[in-house]
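I have placed the structure first, in the form of structure tokens, so that the comments after it can refer back to it.
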Amino acid sequence: MSRPARHVFVCTQQRPPGHPRGSCAAKGSTQVLQTFWAELQKRNAYEKVAITYSGCLGPCDSGANVLVYPEGTMYSNVTAADVPEIFNEHLENGKTVERLLAPPELWS
């Protein structure tokens, strides 16, 4: 297996209901992760992109959070509907999806 050009981490942290920090799982991150995996399979992009679930990435109240390396780009408030755009723009064409970027005060 060759080294992928980009690695995507999707926070799937789950906390009890009512936890003050919230959690990405409560905001649909499992569906986001599954949609990334489905896009990876549909595009047969296994040699270019790796998709991994992760624990907490930090800004829980802005989840679901997605982190893309090697750029270190954090996307927040990501939904499953956003995944094709992230795949098209960022993962395949190297262009940041500006509307989903985590604010600088959360990730800079």
Side-chain angles (χ1 to χ4, degrees):
M1 181 173 152
S2 65
R3 182 174 142 193
R6 294 199 167 80
H7 198 145
V8 178
F9 295 89
V10 179
C11 176
T12 58
Q13 176 71 38
Q14 187 168 354
R15 293 194 175 90
H19 190 282
R21 289 192 65 196
S23 72
C24 287
K27 296 180 179 180
S29 66
T30 300
Q31 186 62 42
V32 170
L33 176 65
Q34 290 174 349
T35 305
F36 267 112
W37 284 337
E39 284 293 318
L40 182 71
Q41 183 176 13
K42 179 173 92 175
R43 297 165 190 249
N44 196 25
Y46 301 105
E47 299 295 319
K48 295 188 262 181
V49 178
I51 311 289
T52 304
Y53 62 89
S54 76
C56 186
L57 295 172
C60 305
D61 55 346
S62 297
N65 294 301
V66 173
L67 184 56
V68 180
Y69 279 104
E71 296 90 342
T73 302
M74 173 79 80
Y75 293 116
S76 59
N77 295 305
V78 177
T79 68
D82 297 318
V83 171
E85 182 179 5
I86 293 170
F87 230 104
N88 288 336
E89 296 301 316
H90 193 148
L91 303 180
E92 291 185 340
N93 295 311
K95 298 176 186 171
T96 304
V97 181
E98 298 289 330
R99 70 179 184 82
L100 295 172
L101 277 178
E105 61 272 11
L106 295 179
W107 185 260
S108 58

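Here the shortest heavy-atom pairing between Val49 and Leu40 reads O-CD1, 3.4 Å. Between Ser76 and Ala102 the shortest heavy-atom distance is OG-CA, 3.5 Å.
Proximity of Asp82 to Leu100: side-chain heavy atoms (C-beta onward) are separated by under 4.5 Å at one or more points. Put simply, the side chain of Ser54 does not reach to within 4.5 Å of the side chain of Leu67, judged on heavy atoms. No side-chain heavy atom of Glu47 sits less than 4.5 Å from a side-chain heavy atom of Pro4.
With sequence neighbours left out, the salt bridge (charged side-chain N to carboxylate O under 4.0 Å, His left out) criterion links Lys42 to Glu39.
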Expected list for residues 83-91: side-chain donor-acceptor pairs under 3.5 angstrom, two or more places apart:
unit_1, atom_1, unit_2, atom_2, d
Glu85, OE1, Arg99, NE, 3.1
Glu85, OE1, Arg99, NH2, 2.6
Asn88, OD1, Arg43, NH1, 2.7
Asn88, OD1, Arg43, NH2, 2.9
Asn88, ND2, Pro84, O, 3.3
His90, ND1, Tyr75, OH, 2.6
His90, NE2, Glu71, OE2, 3.4

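Annotation: the span from Cys11 atom SG to Asn65 atom CG amounts to 6.0 Å, rounded to 0.5 Å. Rounded to the nearest 0.5 Å, atoms CG (Leu33) and CD1 (Ile51) are 8.0 Å apart.
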Discussion item. Show, in sequence, the C-alpha distance, side-chain angles and deciding distance for Leu57 and Met74, and conclude whether the side-chain contact (heavy atoms from CB on, under 4.5 Å) test is met.
Written reply: CA-CA 9 Å; Leu57 295 172; Met74 173 79 80; 3.9 Å; yes

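Listed by first and then second residue, the side-chain hydrogen bond (donor to acceptor under 3.5 Å, both in side chains) pairs involving residues 7-29 are His7-Thr52 (not counting sequence neighbours).
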